[in-house]
Novice: 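Have a look at the structure that comes next, please.
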Amino acid sequence: QAELVESGGGLVQVGGSLRLSCAASGFRFTDYAMGWFRQDPGKEREFVAGISWNGDATDYLDTVKGRFVVSRDNTKNTLYLQMNDLKPEDTGVYYCAAAGSYAINYSQQMYTHWGQGTQVAVSS
């Protein structure tokens with residue numbers, strides 16, 4: 001049974017930092033590119049960051065480039081998202097997901113496994 005469990009969310013002030021983690025189990029982690037998505041109430045879920053199966057390629061939503069860093073540790077089956085200089089518009093539930101491909105995938109339909117999400121709230 002594939003499982004993804006996010007942690008590390010919380011309440012932070014503008015300009016602060018958080019590090020999200022996503023622990024994977026029940027599937028071969030290295031067979032999957034990984035992604036982070038977020039959703040704010042009343043809005044559609046959006047792609048935030050993606051990473052290829054071996055970590056060699058990453059990509060980001062334009063509004064988080066230069067502030068967020070996605071990484072993975074394949075020895076620990078864990079995905080990370082370091083978020084710096086947080087802004088109120090970064091608020092939302094953050095989900096990690098595994099895509100059925102080795103390369104970064106931007107389409108939510110290509111992601112076969114999803115976590116339950118972790119809440120991030122940035123106060124001004």
Side-chain angles (χ1 to χ4, degrees):
Q1 182 85 7
E3 187 175 27
L4 295 170
V5 179
E6 302 96 336
S7 61
L11 175 64
V12 64
Q13 291 188 330
V14 168
S17 298
L18 284 174
R19 189 193 196 201
L20 305 184
S21 298
C22 172
S25 61
F27 63 98
R28 186 174 291 183
F29 191 60
T30 50
D31 281 350
Y32 290 77
M34 299 294 294
W36 286 101
F37 293 78
R38 69 184 179 197
Q39 187 170 24
D40 214 9
K43 297 182 181 178
E44 292 187 358
R45 189 162 56 187
E46 63 180 351
F47 172 89
V48 174
I51 187 167
S52 61
W53 73 278
N54 60 359
D56 282 356
T58 59
D59 203 2
Y60 301 90
L61 179 69
D62 283 347
T63 56
V64 308
K65 284 181 179 177
R67 300 188 297 120
F68 289 13
V69 178
V70 60
S71 62
R72 64 191 294 164
D73 186 338
N74 286 346
T75 66
K76 297 181 179 179
N77 290 351
T78 303
L79 176 73
Y80 303 99
L81 185 66
Q82 178 67 43
M83 305 187 295
N84 301 320
D85 189 23
L86 283 160
K87 305 177 185 298
E89 52 264 39
D90 295 320
T91 293
V93 178
Y94 282 70
Y95 300 89
C96 71
S101 66
Y102 290 108
I104 296 170
N105 220 298
Y106 301 89
S107 170
Q108 296 185 45
Q109 285 70 34
M110 293 301 294
Y111 285 80
T112 55
H113 309 316
W114 290 84
Q116 293 299 305
T118 185
Q119 176 73 52
V120 171
V122 184
S123 64
S124 56

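Numbers here are sequence positions counted from 1.
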Novice: For N74 versus N77, what's the shortest heavy-atom pair and its separation?
Specialist: O-OD1, 3.3 Å

Novice: So which pairs with a foot in residues 41-51 pass side-chain hydrogen bond (donor to acceptor under 3.5 Å, both in side chains), sequence neighbours left out?
Specialist: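 Residue pairs passing side-chain hydrogen bond (donor to acceptor under 3.5 Å, both in side chains), neighbours aside: R38-E46, R45-Q108.
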
Novice: Which residues satisfy the salt bridge (Lys or Arg N to Asp or Glu O under 4.0 Å) test with D62, sequence neighbours excluded?
Specialist: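 Salt bridge (Lys or Arg N to Asp or Glu O under 4.0 Å) list for D62, sorted by chain: K65.
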
Novice: Check ring pair (Phe, Tyr, Trp, His ring centres under 6.0 Å) between Y94 and all other residues, then give those that pass, not counting sequence neighbours.
Specialist: none

Novice: Measuring only between side-chain heavy atoms, which start at C-beta, is F29 closer than 4.5 Å to M34?
Specialist: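 Contact flag for F29/M34 side chains = yes.
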
Novice: For the hydrophobic clusters of this structure (ILVMFWY residues joined by side-chain heavy atoms under 4.5 Å, transitively), does one cluster hold both V70 and W53?
Specialist: no

Novice: Is any side-chain heavy atom of Y102 closer than 4.5 Å to one of T30?
Specialist: no

Novice: How far does OG of S123 sit from CG of L86, to the nearest 0.5 angstrom?
Specialist: 10.5 Å

Novice: Would you name the heavy atoms of V120 and G9 that are closest together and state the gap between them?
Specialist: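 That would be CG2-CA, 4.2 Å.
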
Novice: If only atom types and distance count, is the side chain of E6 paired as donor or acceptor with the main-chain N or O of C96 below 3.5 Å?
Specialist: yes

Novice: Kindly write out the residues that satisfy side chain to side chain donor-acceptor pair (under 3.5 Å) with N84, not counting sequence neighbours, or none if the list is empty.
Specialist: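 Applying side chain to side chain donor-acceptor pair (under 3.5 Å) to N84 gives S17, Q82.
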
Novice: Measure the CG-OG1 distance between L18 and T118 for me, rounded to the nearest 0.5 Å.
Specialist: 8.5 Å

Novice: Where do D90 and R67 land on the side-chain contact (heavy atoms from CB on, under 4.5 Å) test, with the steps shown first?
Specialist: CA-CA 11 Å; D90 295 320; R67 300 188 297 120; 2.8 Å; yes

Novice: If you look at every heavy atom in P88 and S124, which pair is closest and at what distance?
Specialist: CG-CB, 4.1 Å

Novice: With heavy-atom distances below 4.5 Å as the criterion, would you say the side chains of T91 and Q119 are in contact?
Specialist: yes

Novice: To the nearest 0.5 angstrom, please state how far the CZ atom of R19 sits from the OG atom of S7.
Specialist: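 R19 atom CZ to S7 atom OG measures 9.5 Å (nearest 0.5 Å).
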
Novice: To check you understand the geometry: which heavy-atom pair defines the closest contact between A98 and Y32, and what is its length?
Specialist: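 Where A98 meets Y32 most closely, the heavy atoms are CB-CD2, 3.8 Å.
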
Novice: In terms of hydrophobic clustering (I, L, V, M, F, W, Y; side-chain heavy atoms under 4.5 Å; direct or indirect links), are F27 and I51 co-clustered?
Specialist: yes

Novice: Show the numbers, then the answer: is there a side-chain hydrogen bond (donor to acceptor under 3.5 Å, both in side chains) between N105 and S107?
Specialist: CA-CA 6 Å; N105 220 298; S107 170; 5.0 Å; no

Novice: Determine the minimum heavy-atom distance between L20 and W36, stating which atoms define it.
Specialist: CB-CH2, 3.7 Å

Novice: How long is the gap from OG on S52 to CZ on R72, to the nearest 0.5 Å?
Specialist: 7.0 Å

Novice: Are side-chain heavy atoms of T63 and K87 found at a separation under 4.5 Å?
Specialist: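 T63 vs K87: side chains apart.
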
Novice: Nearest 0.5 Å please: distance from the CG atom of L79 over to the OG atom of S71.
Specialist: 7.0 Å

Novice: Apart from F47 itself, which Ile, Leu, Val, Met, Phe, Trp or Tyr residues share its cluster (side-chain heavy atoms under 4.5 Å, direct or through members)?
Specialist: F37, V93, Y95, I104, Y106, Y111, W114

Novice: Tell me the ring-ring contact (aromatic ring centres under 6.0 Å, His included) pairs involving residues 62-91, sequence neighbours left out?
Specialist: none

